[in-house]
Amino acid sequence: MAAAPVEYTIGGVKINFPCKAYPSQLAMMNSIIRGLNNGQHCLLESPTGSGKSLALLCSALAWQQEQLAGTSSADCKKPEVATSCQCVCHNRNAHPTFSMCFLVSADKSDQPRKSTLSSRLSEKLQASLSNGEQDDDFKTDRKRIRTLGTEQKKCHCLTEQTQILRLFTQEFNNSGSDSPVSCSLCPCANLKAGQKTVEKSKDNDKDKEGSGRKKIPKVFFGTRTHKQITQIARELKRTLYSTVPMTILSSRDHTCVHPEVVPHANRNERCKELLEAKSGLSCRYYHNVHKMRDQSTLQWVHGLHHAWDIEDLVRLGGKLRSCAYYAARELMQDACIVFCPYNYLLDPLIRESMEINLKEQIVVLDEAHNIEDCARESASYTLNQAQLLLARDEIDGMVTHNIRRDQHRPLLAFCCSLANWVQESCNSLEEREYESSCKVWTGTEILGIFHGLGITADTFFLLQKNLAAVLEKEERIGLVNGREDTVQVPTISSNTQSMLKSLFMVLEFLFRQNCRFADDYRVALQQSFMWTTQQDLPDAQGFFARPQRRRQSTRTKTLVHTLSFWCLNPAVAFSDLSDSVRSIVLTSGTLSPMGSFSSELGIKFSIQLEANHVISKSQVWVGTVGAGPQGRKLCATFQHAETFAFQDEVGALLLKVCHTVSRGVLCFLPSYKMLDKLRDRWINTGLWDKLEERKTVITEPRGGGKGDFDELLQTYYEAIRGTAANNGALLVAVCRGKVSEGLDFTDDNARAVVTIGIPFPNIKDLQVELKMKYNDKHAKSRGLLPGSRWYEIQAYRALNQALGRCIRHRNDWGALILVDDRFRTNPNKYITGLSKWVRQLVRHHDTFTGAMQSLESFSQCQLGAVETFEETQSQAAPQYPSPSIAISPSPEIITPHKPFDSQLAQPNLHTEVQAANSESRSSESGIWLVWKQNNNCICLTFSLVS
């Protein structure tokens, strides 16, 4: 029977919780409410399985509803309905059969709110119905009509390109605005101007006095993966807030339902082709977005009354033949909570593409232990020389064919200048490793180089304007088959668009606020070799020759040059959030050490919390093992891991664990390289066959598609649920891989987690090396961690994430086995990096035999406790009285009287088994629970304490 909801009052906010909250959940909700009330940022660590997602959802949505209730009584005015202009010059597109008219202003500043997808689709739908012969559904923006020009000119010299950029700067400074001019003949022009002035004055009054309608912040809930969003949506469905308007932002790969787009390798490209109707075919799914774009329609017409997952929206989109991708974006307009991967919130290009406005909103980032890496990646970009040359040639073709020549010429000058500089710099590279060389510049140095190329803050602003102009949809009048008609002006390819947008994003950070972030960047030009496979070519007659033997010459080494703009300071990308949002809440089970987040992200976390786990000590076995079955020392450094002795000893250890622990076992390795070496060695020695005799063995793939990975997981789960001769399954994975991040291995799916070594990042990686030097340079001035300490923390957080796959809820149990002698020999250095709840339970085992005996005793004890509980459940349980119990609150927590919860009367099955005839007592909420053990019989006694 499900537990009854409980109402808590925290900081003046009433929170409806689906069950009796754990102390860690109450502490989290208390911290979140304080942060939201005061507009402060929160950094909250709560162990995996302690119910932090439920606490996040209930507290944030309860605070939001409290704000809404406070403004609903004050906001009782009926919204004004704007009537459309009926003058001659503004009514030429009106149709007499429609009573509803859509007023589209020529100047965007006249609009009281930004044009949304809903309004644009409505206009297109009305236009398509009013004229059946013209398909105007994909006319996304206002199009300009121009006549074809004839002037053509080419420019290739670096000096000439630099002069062009400087000339365009002068032209920009002397030119005026090219915005549309208001119609002076319109009789309502003065009226519009007056309305605009009144609206502006009203907005200013609201901003100054705050007397206008209070805008309720949205909650943007970001997670690492889409699979985690599914879990969060499932948690939301359990609460009383499951009916709040919501949406889930996702990519076309997860939401597109068009039968012609789904099988396509690049769904984004195929979708855009249908939207632009390049092949004469349009997307009817896009037209039907209006069937799903309204929150009330979604809930009461289509049956999505409670919290839904992205699969539910996709299924509804297929049923209604409506686009789930654009519907989800349109639902964001009226949503109270928006779910998305958190790179959607950090990446400025994705925010712009998805039309995400975070000003004065609430941002919650769950599983935020990787937020520093994600923020750095969001402000970084890497391109190769081939991409740059292709973009240069494509833009050169636009200039040659006189297609928006004035706008393409500065972009061509930029690409030529950059390409020539890369080519010249390749001659001064320094050798770094075998067949690889590089050269690194600071951001300040690269700005000086760009200044010599004519790329300055002023010219860059002009380049941004020209890029926006060439990407605008436009039609011109030309001759088609001898007849005058309108033709769509060609635009540069999506690959070139993506490259220029990403490159301009990095440059915008470099030039921002008088080059404030220049020292936070490093620009690296690298040279390496890549193996490529050549296709067999036919002869002159079109025949292929069949080789007599396998030819090794089909694979050739190709020289590759890459230019990387690396942001070493995550505060660069995070500054867009911290400067605009109301509150940021970062949560994870592995945030420690928490001091680094404030310095790395550049914001102050006024509220911090390290919550305890909800399980008892007897539910988890945590031990370090420094030697294998043969007594050999196990230290997974690079020198030892390459030896056969280490590989054989690890294999024998893993085999013994599989014999000791039933059901699911997870084994995490530091890298894919070690996984490949161990698998090859174990196959050669026959150990792999012994493992498969005991359990179904599955290895995590290095790449592959989502479908292949899900199929492997399903095989793993089925092997555990099955009753085959082998006892469960063994999943060998890699730290920082797909298995270690966000997957839920509850109960039998992970009864033991084995970690081999410590997953330090590759010390020889150039980016890791530059980040360590950057931290050493700014450690004192900015409070950053020293480079060596930062390097160690990256390993501990990856290790803690892997260990967190085991214990997933209060009644779960499992073993955490840390295989490396460094944990025992230097605990002050290596144990302190573990999570708080793991660190408190670690036991060091001097011998492998002693560790396995302790592990076997723990496993049998837990299995016996479960069997005893199942036997008692089959018998009729006695009925206990249900007195009214008052839960004593903390100073900021007020809880009402509630009926006695039957869950309080259930013993903890995983309490540590004590000696015979032992007695233990625990008190919770005024109830004393006494249990005694005599000859494996557990006696329970309940008594109420006044």
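The structure presented is a predicted model; accordingly, all values stated were derived computationally and were not measured. Only this structure's heavy atoms are used, side chains among them; waters, hydrogens and symmetry mates stay out.
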Nearest 0.5 Å, please: how far is CG in Leu609 from CG in Leu43? 9.5 Å
Inspect the contact between Arg315 and Asp312 and indicate whether a charged nitrogen and a carboxylate oxygen are less than 4.0 angstrom apart. yes
Cationic N near anionic O, under 4.0 Å, Arg751 to Asp812: yes
Non-neighbouring partners of Glu610 that pass salt bridge (charged side-chain N to carboxylate O under 4.0 Å, His left out), sequence neighbours left out: none
Is Glu45 salt-bridged to Lys52, cutoff N-O under 4.0 Å? no
Side-chain H-bond candidate by donor/acceptor type, Ser854 with His845, under 3.5 Å: no
Is the shortest side-chain N to carboxylate O distance from Glu693 to Lys690 below 4.0 Å? no
Is the shortest distance from a Lys or Arg side-chain nitrogen in Asp648 or Arg681 to a carboxylate oxygen in the other one below 4.0 Å? yes
Could you state the interatomic distance from CD1 (Ile229) to CD1 (Ile232), rounded to the nearest 0.5 Å? 9.0 Å
Tell me whether the rings of Phe339 and Phe221 are parallel (<30°), tilted (30 to 60°) or perpendicular (>60°). tilted
Looking only at side-chain N and O atoms, does His254 offer a donor or acceptor that is under 3.5 Å from a partner on Ser251? yes
With sequence neighbours excluded, what pairs up with Ala233 under the side chain to side chain contact (heavy atoms under 4.5 Å, CB included) test? none
Can you list the residues that meet the salt bridge (charged side-chain N to carboxylate O under 4.0 Å, His left out) rule with Asp747, with sequence neighbours excluded? none
Return the SG to CG distance between Cys667 and Leu730, rounded to the nearest 0.5 Å. 6.5 Å
With rounding to the nearest 0.5 angstrom, report the CZ to CG distance, Phe745 to Leu731. 5.5 Å
Measure from the side-chain N and O atoms of Thr715 to the backbone N and O of Glu711, and report whether any donor-acceptor pair falls under 3.5 Å. yes
Under 3.5 Å donor-acceptor pairs involving side-chain atoms of residues 833-843, not counting sequence neighbours:
from: Lys836; atom 1: NZ; to: Asn612; atom 2: OD1; distance (Å): 3.2
from: Arg839; atom 1: NH1; to: Leu834; atom 2: O; distance (Å): 2.7

So, taking the atom named CD1 in Ile371 and the one named OG in Ser588, what distance separates them when rounded to the nearest 0.5 Å? 10.5 Å
Hey, could you give me each pair passing salt bridge (charged side-chain N to carboxylate O under 4.0 Å, His left out) that has a residue in residues 650-660? Not counting sequence neighbours. none
Does anything in residues 622-641 pair up under salt bridge (charged side-chain N to carboxylate O under 4.0 Å, His left out), and if so which pairs, sequence neighbours excluded? Arg632-Glu649
Could you tell me whether the side chains of Ser616 and Gln619 share a donor-acceptor contact shorter than 3.5 Å? yes
